[in-house]
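Handing you a structure now.
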Amino acid sequence: MSIITLQSVKKDFGIKEILKDATFNIDVNDKVGLIGTNGSGKSTLLKMIAGLEQIDGGQILTNSGDKIIYLPQQPDLDENLTVLEQVFADSGEQANLVKEYEELTDKLAHYPEDSALMSRLSNVMQQMDAVGAWELETNAKIILTKLGISDFEIKVGTLSGGYKKRIALATALLAEPDILLMDEPTNHLDALSVEWLQGYLNRFRGALFLITHDRYFLDKVTNRIIEIDRGDIFTYSGNYSYYLEKKALAEESAISSQRKHQGVLRRELEWLKRGPKARSTKQKARIQRIQAMRETDFKQAQGKVDISTVSRRIGKKVIDLKSIIKAYNQRTLIKDLTYEFSPEDRIGIIGGNGAGKSTLMNIITGRIPPDSGTVEIGSTIHIAYFDQHSEDLLSAINEEQRVIDYVKEEGEFIKIADGTKISASQLLERFLFPGSQQYAPIHKLSGGEKRRLFLLRLLVSAPNVLILDEPTNDLDVQTLAVLEEYLEDFSGCVIVVSHDRYFLDRTVDTIFALEEGGNLRQYPGNYSVYLDYKKAEAAQQEAINKTKEKPKTNTEEKSISSQPEPKKRRRLSNWEQREFAELEDKIAQLEVDKAAVEKELLNVPPGNYTQVQKLYEQVEAINQAVDIATERWLELAEIDS
């Protein structure tokens, strides 16, 4: 069953045709990934489906009863609301019932004998039971916590753009729509939050239509890929890996067909050159067929970014950090960091939001000073810093400036990797800026196109140290793939701050993890290797904890040490026999206690989260006690058998 149907939809912005004749549908169980180069119209398509952008032709059909929620890259939130009030914004009847329930209970606290209030409260509670509203606030807090937000009463207007995006994401998820439209949902999320969101969307019961640069995310979440390529729509029934495979085959087939066409046309043109007399009907038809073949327009393979700029010589001394310390508001972000970057370094810097990653980059580049310590830059070093606020930098330069003039500031002609020089216009063509765009003002570009243009400007300056702070935000997957290939051959030092697991796996061989308290730990290998290290550390710590939980008794130690032959069976000591007998009663009593606490937990009045948390912790403590007692009982039972 289709939720969204597009029939011959057209969209044209004058200098660019976004959609020529788009026809496709999204079904109930579809999880669709939308891909295409920056500026191809991905965000515009989502806005048209959401009803926020007009179409120039065709029609978009939706079911009248279906709920559509759209999550844009830059959400518009009510800054006067608290975090919780905002996440309830799209929850409709459930949120209204929760709000009314809280108002009624507050009034009854002052007027406990008011029968009208009691009657209304009883009615509201029945409605809440019917629509499952009791779980709304609990689910909201769970989602917000998983997304890294713990203060639920803070005003939205006091938060950064990244946290506002997280609140908008929580709002969209809590609304439980029939179809969820998401534009770059993983931007501003750390790796743990992305992992959680990935699992959440896999369980999501509605349809999904999303744009993301995170290729691991695309692979795990989607079951269909829709590609926009110069106004045309192509659909692939599989995830991103399936798309790559089928796309490569399709391009090979298209190239083969074009070669065959050109071979036939060449032979036919040679026949024409021999001057055949077009007297017979067959000859006339053949000449007409040749003319038709000459007019056949083969669509070239999709344009790909070509990064072939040069880098300058790099000396032995790159960047030396000595005893760097940086703190904000009595919180230490970087604690006594000393490191010498080498020309061959490929370093990925990771850490939670606010851990200090961008702060460290700004210290290295001299944008902010450290509280103590020194930064020494080699005399031959030329740093290119691609930060996560590139759009702001472009705006600060002059968004009325033409695209080509912005690049020409580096020179009319630019040397590329093979030593030849090409014009600024030719270089822009390689970066997928056609002639029609080159003379347009910068403000006409999409956010992703601006970042691609800024990347081009940086690389043209021939750096030998590249610092990339969240480079994957707003760059399309095609550009990212080519950037990864460029970094493989880049003859200089690369420092990457990113939450994009795929990008880190492709580009770095050392991970710096910024941890709580400003400590920086180094791990050899890419991000996947780092995860393996962390899993091994967690398993080792768990084993240590279990050992601590089960200290050997004096009786056990004496018994073990007195046995020269481990295989010889021993009998339970009197103390162990008494313990064995008592454990059965102890386990039974713990189960009774657990049932009593769980019953009390079910009867806690809605909204009393302090009591819920207290009882939940009691249940967890009892569960742990049951596990320890049961494990000990099994040990003794094995000896006694």
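All values derive from a computational prediction rather than experimental measurement.
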So, Lys357 and Asp469, do they make that salt bridge, N to O below 4.0 Å? no
Holding to side-chain hydrogen bond (donor to acceptor under 3.5 Å, both in side chains), I want the full list of residues that pass it with Tyr216, two or more places apart in sequence or in another chain. Asp505
Could I get the full list of side-chain hydrogen bond (donor to acceptor under 3.5 Å, both in side chains) partners for Glu488, not counting sequence neighbours? Arg506
The single option from Leu487, Thr507, Val497 that satisfies side chain to side chain contact (heavy atoms under 4.5 Å, CB included) with Leu468 is Leu487
Glu85 meets the salt bridge (Lys or Arg N to Asp or Glu O under 4.0 Å) criterion, sequence neighbours left out, with none
Would you mind telling me which of Tyr236, Tyr243, Tyr242 makes a ring pair (Phe, Tyr, Trp, His ring centres under 6.0 Å) with Tyr240? Tyr243
State whether the number of non-hydrogen atoms from other residues, nucleotides or ligands found under 6.0 Å of Gln7 atom CD is greater than 12. yes
Ion pair check, Glu470 and Arg451, cut-off under 4.0 Å: no
Counterpart residues, salt bridge (Lys or Arg N to Asp or Glu O under 4.0 Å), relative to Lys408 (two or more places apart): Glu412
Taking 4.0 angstrom as the limit, do Arg457 and Glu410 come out as a salt bridge? yes
A cation-pi test, strictly: NZ or CZ of Arg452 under 6.0 Å from the centre of the six-membered ring of Phe433 and no more than 45 degrees from its axis. Yes or no? yes
Any cation-pi pair here, Lys247 with Phe234, using under 6.0 Å and within 45°? yes
Please name all residues satisfying ring pair (Phe, Tyr, Trp, His ring centres under 6.0 Å) with Phe512, sequence neighbours left out, ordered by chain then number. Tyr339
Residue pairs meeting side chain to side chain donor-acceptor pair (under 3.5 Å), one or both in residues 176-185, sequence neighbours left out, come to Ser43-Asp183, Gln73-Asp183, Glu184-His213
Electrostatic pair Glu53:Lys11 at N-O distance under 4.0 angstrom: yes
